[in-house]
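Basis for what follows: all heavy atoms, side chains included, without hydrogens, waters or symmetry-related copies. Here is how names work: the chains are called A, B, and so on, in the same order as the sequence lines, proteins then strands, and each is numbered from 1.
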Protein chains: 2
Amino acid sequence: MEPPVLRRVLIVDDESSIRDMLAMALEMAGFEVVHAGDAQTALQEIASLQPDLAIIDWMMPKTSGLELCRRIRKNPDTAEIPLVLLTARGEEDAKITGLEVADDYITKPFSPRELVARLKAVLRRTTPRGIDEPVEYDGLRLDPVGQKITARGRSLLLSPTEFRLLQLFMTQPNRAFTRSQLLDRVWGGDVYIDDRTVDVHIRRLRKILGENHSEMIQTVRGTGYRFDPPNTASTNR
Amino acid sequence: MEPPVLRRVLIVDDESSIRDMLAMALEMAGFEVVHAGDAQTALQEIASLQPDLAIIDWMMPKTSGLELCRRIRKNPDTAEIPLVLLTARGEEDAKITGLEVADDYITKPFSPRELVARLKAVLRRTTPRGIDEPVEYDGLRLDPVGQKITARGRSLLLSPTEFRLLQLFMTQPNRAFTRSQLLDRVWGGDVYIDDRTVDVHIRRLRKILGENHSEMIQTVRGTGYRFDPPNTASTNR
DNA sequence: TCATTCTGTAACACATTCGTAACACAACTA
DNA sequence: TAGTTGTGTTACGAATGTGTTACAGAATGA
């Protein structure tokens, strides 16, 4: 029913070589990757970018991986994010203590294929965050159950396609979609439609959103479009 | 102000190991748990214990989960109980067929955290009140015990179908229903009736409600209909 | 700067969905 | 039985949604 979703993964490790290795493997598997070198920036990235999953190294200089996990779980806004611990062989206690906070662990060394398989398994058994939970950015509110979008309390008159488009954007903010990805996910896989049609629907959506909110739909030149909620410093890449 | 409610959840599954696992997770989250190993006892438990929610396995030996859902919906006394289907991965059709009758589904395997989150979400949006309590929106009053609906004191002359339709809407406001969901819940599970019939009954209902109240029944283009009470700034969270 | 590519915008024709009324038959009542 | 009410189906017009095209304007790179 649902087309495959491109997931955003945060990698937290103090060694940049490992980060890069992980990133390459994950990007080849179709994940979007974000980095963090220490717990502090990790927390910031999580808050602003809302990744679908975080890979956290057990051994880190200042704050340990376990401690970072605990902090993430403590904040209700981030408590539901699946966490995967990265441990060296022999750190058996990590597996025991770690699994009480994290959702899975991976032992170094590991093959990229194994890594990807484990992540997918974790994601599969984790809720696609709030598939019917309401989302709100700057007064723009999506109510998936009621199939309704309101701007500062006033309900917007959206066509079905416009609704699905905006719904996709709002549930996957800060992520750039190509036109064909949008056609795939909003129109449904097997249609053959001109790419340019997306542009027209974006135009209509922006018009309905009006001055205030239309700025959240950014065009990514040469690629497609992206939904940027405010107060998101979006410092990656 | 409502006292903290301890919700009673009924688990229906033929495998006792899964029942126990579920029960443990739910009890830790503060739910009261009741078991049933088959559809027959499930129906008895529901009738006598009136749980706030039921988790039902899709695949069961004698009566299937779907069939059980339909029976629960068919009995007016139990029709409004939120139902969550438990499906194995790959049973895609279960999700599609199931969601016409159930309120949500959970795919095995799942994490306890996911389970609890989903249940809370379902409870949040389905049972804000007791089933027999009267509901009133803008002078439109539903009296479930007396099976009567009055508008500003004058009682409305509704046909049985119209009554059940409006009752469903008023007990589940702000929620969009597809035509087949409405057929399932208002007409009863196994009838084969044209979708368009729903439109006609909506029309009749609107006519009876008149200028003032008919606006509460909104059509959701491409989907179905929704009951929108006025003054609902929806400030939850 | 110019040339080229990409995106915004409006207008149009076609497709789809929905509202409405009319009708036939079923269910119920007296 | 005859009359009344309830219900499902159908048909058609109106309203709305959608894809395409054309052109203007903006961004990009040499």
Side-chain angles (χ1 to χ4, degrees), chain A residues 147-149 155-169 176-211 213-228, chain B residues 147-149 155-169 176-211 213-228:
Chain A
Q147 299 254 5
K148 191 163 119 175
I149 292 176
S155 100
L156 296 181
L157 285 87
L158 297 168
S159 78
T161 308
E162 286 150 13
F163 178 85
R164 289 196 303 275
L165 187 55
L166 186 51
Q167 174 171 250
L168 176 63
F169 278 138
F177 292 93
T178 67
R179 289 177 175 76
S180 27
Q181 284 176 327
L182 291 173
L183 281 175
D184 248 26
R185 307 213 37 190
V186 174
W187 276 256
D190 31 63
V191 286
Y192 173 63
I193 294 178
D194 191 342
D195 272 4
R196 304 291 311 281
T197 299
V198 175
D199 296 28
V200 178
H201 280 270
I202 292 284
R203 150 72 178 154
R204 288 168 181 163
L205 197 47
R206 281 175 171 158
K207 200 172 186 179
I208 293 174
L209 289 177
E211 296 288 329
H213 295 122
S214 65
E215 289 169 0
M216 289 197 232
I217 299 182
Q218 289 288 328
T219 112
V220 185
R221 212 185 155 77
T223 305
Y225 299 91
R226 184 185 56 213
F227 184 82
D228 278 351
Chain B
Q147 295 274 304
K148 204 166 86 172
I149 293 175
S155 113
L156 295 180
L157 286 85
L158 297 167
S159 78
T161 309
E162 286 151 11
F163 177 83
R164 289 196 304 274
L165 186 55
L166 186 50
Q167 174 173 252
L168 176 62
F169 277 138
F177 292 94
T178 66
R179 289 177 175 76
S180 28
Q181 284 176 330
L182 291 173
L183 282 175
D184 248 23
R185 310 192 110 184
V186 175
W187 275 256
D190 27 64
V191 286
Y192 174 63
I193 294 179
D194 190 344
D195 272 3
R196 301 295 310 277
T197 299
V198 175
D199 297 27
V200 178
H201 280 270
I202 292 283
R203 152 72 177 155
R204 288 167 181 163
L205 197 48
R206 280 175 172 158
K207 203 171 187 178
I208 293 173
L209 289 177
E211 296 287 329
H213 296 124
S214 65
E215 289 170 359
M216 290 197 234
I217 300 182
Q218 289 285 328
T219 113
V220 185
R221 214 154 223 274
T223 304
Y225 299 91
R226 183 186 56 214
F227 184 82
D228 276 355

> Hey, which of these two, B:Arg204 or A:His201, hits DNA chain D nearer its 5' end, going by closest nucleotide?
Replying inline: B:Arg204
>> Do A:Phe163 and A:Lys148 have side chains that approach each other closer than 4.5 Å (heavy atoms only, starting at C-beta)?
In response: no
>> Could you tell me how far apart B:Ile202 (CD1) and D:dG6 (P) are, to the nearest whole angstrom?
In response: 17 Å
> Does OP1 or OP2 of D:dG8 have a side-chain N or O of B:Trp187 closer than 4.0 Å?
Replying inline: yes
> Does A:Leu157 or A:Arg221 map to a spot on DNA chain D nearer the 5' end, using the closest nucleotide for each?
Replying inline: A:Leu157
> Over how many whole Å does the gap from A:Leu205 atom CG to C:dT7 atom P extend?
Replying inline: 17 Å
>> What's A:Arg196 touching, base or sugar-phosphate or nothing? Going by heavy atoms closer than 4.0 Å.
In response: base
>> Can you measure B:Tyr192 atom OH to D:dG8 atom P for me and round it to whole angstrom units?
In response: 14 Å
> Got a donor-acceptor contact below 3.5 angstrom from the B:Arg164 side chain to the B:Val186 backbone?
Replying inline: yes
> Got a second to check how far A:Asp195's CG is from A:Leu182's CG, nearest 0.5 Å?
Replying inline: 9.5 Å
> Judged by atom type as modelled, is there a donor-acceptor pair below 3.5 Å linking the side chain of A:Arg206 to the main-chain atoms of A:Ile217?
Replying inline: yes
>> Rounded to whole Å, how long is the line connecting atom CG of B:Asp194 with atom P of C:dT17?
In response: 13 Å
> Within this structure, what is the CZ-to-C1' distance between A:Arg179 and C:dG8, rounded to whole angstrom?
Replying inline: 11 Å
>> Heavy atoms only, 4.0 Å cut-off, all strands: where does A:Thr197 land among base, sugar-phosphate and nothing?
In response: base
>> Could you tell me how far apart A:Phe163 (CZ) and D:dT18 (C1') are, to the nearest whole angstrom?
In response: 18 Å
>> Judged by each residue's nearest nucleotide on DNA chain C, which is more toward the 5′ side, B:Gly224 or B:Arg203?
In response: B:Gly224
>> Categorize A:Tyr225 for me: base, sugar-phosphate, or nothing, with a 4.0 angstrom heavy-atom threshold over every strand shown.
In response: sugar-phosphate
> Taking CD1 from B:Ile208 and P from D:dT5, how many angstroms apart are they, rounded to a whole number?
Replying inline: 13 Å
> With sugar-phosphate meaning primed atoms plus P, OP1 and OP2, does A:Ser159 contact a base, only sugar-phosphate, or nothing at under 4.0 Å between heavy atoms?
Replying inline: sugar-phosphate
> Would one find a side-chain N or O of B:Thr219 under 4.0 angstrom from OP1 or OP2 of C:dC18?
Replying inline: no
>> If the condition is side chain to side chain contact (heavy atoms under 4.5 Å, CB included), which residues does A:Ile208 pass it with, not counting sequence neighbours?
In response: A:Leu156, A:Leu158, A:Glu162
